[in-house]
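Sequence lines set the chain letters: A, B, ... in the order given, protein chains first and strands last, and positions in each chain run from 1.
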Amino acid sequence: MSGEPLVEVRDLVKHFPINRGIILQKQVGAVHAVDGVSFDVMRGESLGIVGETGCGKSTTARLLMRLLDPTSGVIRFEGKDVAKIPRRAFKPFRREIQMIFQDPYSSLNPRKTVGAIIAEPFAIHGLNKGKGERRRAVQELMDLVGLNPEHYNRYPHEFSGGQRQRIGVARALALQPKMIIADEPVSALDVSIQAQILNLLRDLQRDLGLTLILIAHDLSVVRHMCDRVAVMYLGKIVEIADSDTLYRHPRHPYTGALLSAVPVPDPELASRRRRQVLGGDVPSPTNPPPACRFHPRCPKAQDLCHQQEPLLEQKPGGSVAACHFPLSDAEAAERVATAEPV
Amino acid sequence: MTSTIDLARESSSEAEVSGIAARTPLELFWRRLKQDRVAMAALVFILLLVAVAVLAPLLVKLTGQRPPNDQSTKFLDEFGTPTGPTSENWFGVDPLGRSVFSRVLYGARVSLEVAIIATAASVAVGVVVGMTAGFFRGFVDTVLSRLIDVLLAFPILLLALGLAAACSLGNGCLGGLIKPGLTVVIFVIAFVNWTYIARIIRGQVLSLREKEFVEAARSLGASNGRIIFREILPNLVAPIIVYSTLVIPQNILFEAALSFLGVGVQPPNPSWGAMLADATEIFDTAWWYMVFPGVALLLTVLAFNLLGDGLQDALNPRVERST
């Protein structure tokens, strides 16, 4: 991992307007899906983004892919700001960033052969023009992701879920991108197949030198796959750290609560741990709580948390967390089986 | 790299075990349709009907029947009542002494012409409007959907009668573009019917455009045009085919109704609807004049409806059937 960032994201915001009225529409509010997110992705690293449903993980991914236009903020890809350029001008960048989608059943067009699906990036970008050349390129990709190249002419419905996800991976690799964003690539698959796809992604990342952003809600998947992990809550990053650091000394109480929910296979270890259950629901992103967004559910919240928004800053142990009163080693150990004192 | 390729061998063997040869969706659809005997019978009947319509002049000549507009008082009795089926006139004659057999055959031409041209026109307009509204949503959708609502609120038969009556005189409407007779009927049907298919297509597109494969195409850099024609349109083929076959019998009946009411096909051209209208007055003395065109109309409409049902089942195999 070289120290140079491939992607820099600064204060990225996406608000979805809520409109009322049929002809004369009026904006009556906004869903604050992503609300001021900043992070760097280093060349060649794998960054995990975790969080509950609706915390803005997928929206962040779609903003990076320019499938959605950001409300404000900066996305620098290799130093160039691509957040505000017109979509047409973004087309060359699509060769550098590709996406793997969550649902392998709806992400492949049922009316196209696998060969046509994987060749689509070539057709769109005018690459590998010759028929034989294109076919050979597609078959190499199929071989690379573990599909039989002879199944070139089959339709998606003839493949299993795991194989379909491999087709999605092959399509994402076709343009030889520098970065791949995988939006919950295994959450629609059986556990036995999940490992296959994750190992494939990890091997490909290593062999092809890819940068990977992995979005997931399964913490063990992220730990297995990622060098660094960002934890999101209600449209903001609350903690970001190296994988080991995060799992050993979580500093944000929300990270602590998430990690305490991970099942522990060792009953002895499990009995020593206190399961922390958060009260209440995630507040509505149309009207997020002021100051620290986690304060209504936080066991450590004090007056300051209602008044002043905590900034992301270095905490003892190496994590960067946004919290006025981070977890101590003892509190972390109580909640998290993998915790260790600093 | 070896590890990935090893993995490759492992997982691809899963598919080989199943041993299913690659079949296109078209082949699968045809296999399912072939098992549906009713739909196949309907399909055969329709193919025969098309052959009859195309070869009508030849068939009339071969069977030795008189051409459809050949009038003759020879086959009327002294009170002007037409004679029934004989070896000379298989289906009897009409009050002008014309052969009902030839007129029924030629009537098939009118019915199929209307069915095909009017349906094609309404499907073409409906698909374009529906896809535009569904894909671009927003203001475009609002305008088009309200236009469709307005057209659907029209009393169709009255509109058709008015249009047909207005265009049946002299040189027709729109500077002679819509001439009296068949073109009026086709125009009226297309004008009214595109709204239904536009609504269906709009709904389908609204759901398809949110599918991940559309998002995947967009993330690869595909243009709107490419997404519409290459990603969404192929998924609309099934509903378009099914809806077209179900709309054809409606259009045939509509033509018959307009001709029955006297604003459709103009005499002396033969039309099943016009024949039925003429036959009502003399039904008690000349049953054949109503029965033969009536049966032809009934069987045609029934065949298209049954074929439409069969196509729907064959194209949507997920819908369970009780048989």
At a 4.5 Å cut-off on heavy atoms, which part of A:Arg62 comes close to chain B: side chain, backbone, both, or neither? side chain
Step through the shown structure and confirm whether more than 12 heavy atoms of other residues, nucleotides or ligands are within 6.0 Å of CD on A:Gln176. no
Pair count under 4.5 Å, heavy atoms only, with chain B: among A:Met65, A:Arg94, A:His125, highest is A:Arg94
Within a strict 4.5 Å, meaning less than it, do heavy atoms of the A:Met225 and A:Leu212 side chains meet? yes
Considering only heavy atoms, which portion of B:Arg218 lies under 4.5 Å from any heavy atom of chain A: side chain, backbone, both, or neither? both
Among the listed options A:Ala116, A:Pro177, A:Pro121, the residue most often paired with chain B at heavy-atom distances under 4.5 Å: A:Pro121
Which bit of A:Leu67 is near chain B, if near means a heavy-atom gap under 4.5 Å: side chain, backbone, both or neither? side chain
Quick check: do B:Ile227 and B:Phe135 have side-chain heavy atoms less than 4.5 Å from each other? yes
Answer with side chain, backbone, both or neither: which region of A:Leu175 has an atom nearer than 4.5 Å to a non-hydrogen atom of chain B? side chain
Quick one: is the NZ or CZ of A:Arg134 closer than 6.0 Å to the six-membered ring centre of A:Phe122, and within 45° of its axis? no
Counting heavy-atom pairs under 4.5 Å with chain A, which one of B:Arg230, B:Glu215, B:Arg226 comes out on top? B:Glu215
Using non-hydrogen atoms and a 4.5 Å limit, figure out which bit of A:Arg87 sits close to chain B: side chain, backbone, both or neither. side chain
Ion pair present between B:Lys211 and B:Glu231, side-chain N to carboxylate O less than 4.0 angstrom? no
Taking only Lys NZ, Arg NE, NH1 and NH2, and the carboxylate oxygens of Asp or Glu, determine whether B:Arg137 and B:Glu210 approach each other closer than 4.0 Å. yes
